[in-house]
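For reference, the structure discussed in these notes is given below.
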Amino acid sequence: MAKKIRLLVIGAHPDDCDIAAGGLAALYVKHGHVVQFVSMTNGDTGHHQMGGGELARRRYAETQASAGVLGIDYIVRDQHSGELMPTLEARKDVIRIIRRFRPDLVLSHSPDDYHPDHRYTSVLVQDSAYSVTVPGQCPLTPHLMKNPVYAYSAGTVTKSETFVPEVIFDLDGVIQKKIDMICCHESQFYEWIPYNAGYEDEVPKGAKARSRWLEKRFRARLKGFAEHWRDRAIQQYGPRRGPKIQYAEGIQASPFGSPLDARTIKRLFPWLPRKGG
Ligand SMILES: [Zn+2]
């Protein structure tokens, strides 16, 4: 039996893993592999009408509903959002989380993402690389024998100049799972983000209407990625399937993990067509 591949996604807030890698996670689960999501903060500042413990608990429940869509674990660190700092203590926490899960691939925000919590999450994850293999650091949590592959997901700001995906994932077969996960984060996508971004009056009333509205928005966003990365998709999936891919996610290797070379790509994503990469 083939070895199960282990994906660990570390995001800043209790919806970031879903946004960044809900599709890749669904692909892993579909092919019998293991996924864990981690939020570095509890998201307790992500609302205009509520906050503190009440919001943290609401958002925790949203993560668990989302995790239930795929049947994965979703860990939330009890740390205020908006205040994450790249401290030694937080780095040690990340080292322990990674060691306990023993991932083959660790995915996090790109270093130039828009929010300080995202950027510091990226720094903390980068700084855990290599250290996860050093037995003298956090000696009570057994170290890894091998540095995992570390990679970045595309930011919420899609126009990042520095993000160039090295592997693209065709999400067409799992898109509904990702949408279902996103729809669990009601406090964010129906309330806080529309308020914060000034389109609150566009959110329809009624559960059905608003989930249809959100689905449309997210499908458009993921279509944008597929179009933006079309050349790479054709290179990877070939001239027949590449041009037809509608929805995509992509990742870019971090220089601090094990190299994401062609052999590793084949090992980490065994369902991808063998077109090189
Ligand atoms: Zn976030």
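No experiment lies behind these values; they were computed from the predicted model shown. Read the numbers this way: they start at 1 and go in the same order the structure lists the ligands and their atoms.
- Ion pairing between R59 and E186 fails under the 4.0 Å rule for side-chain N and carboxylate O.
- At a threshold of 2.8 Å, the Zn ion (ligand 1) has no backbone or side-chain N, O or S atom of D117 nearer than that distance.
- With a 6.0 Å cutoff to the six-membered ring centre and a 45° limit on the axis angle, R217 counts as a cation-pi contact of Y199.
- With respect to the Zn ion (ligand 1), D16 has OD2 as its nearest N, O or S atom.
- At a threshold of 2.8 Å, the Zn ion (ligand 1) has no backbone or side-chain N, O or S atom of H109 nearer than that distance.
- Aromatic ring orientation, F37 versus Y74: perpendicular (interplanar angle above 60°, classes split at 30° and 60°).
- Using cut-offs of 30° and 60° for the angle between ring planes, the F225 and W229 rings count as parallel.
- Using cut-offs of 30° and 60° for the angle between ring planes, the F269 and Y28 rings count as tilted.
- For the Zn ion (ligand 1), the set of nearby N, O or S atoms under 2.8 Å includes none belonging to H115.
- Of all N/O/S atoms in H13, ND1 sits nearest the Zn ion (ligand 1).
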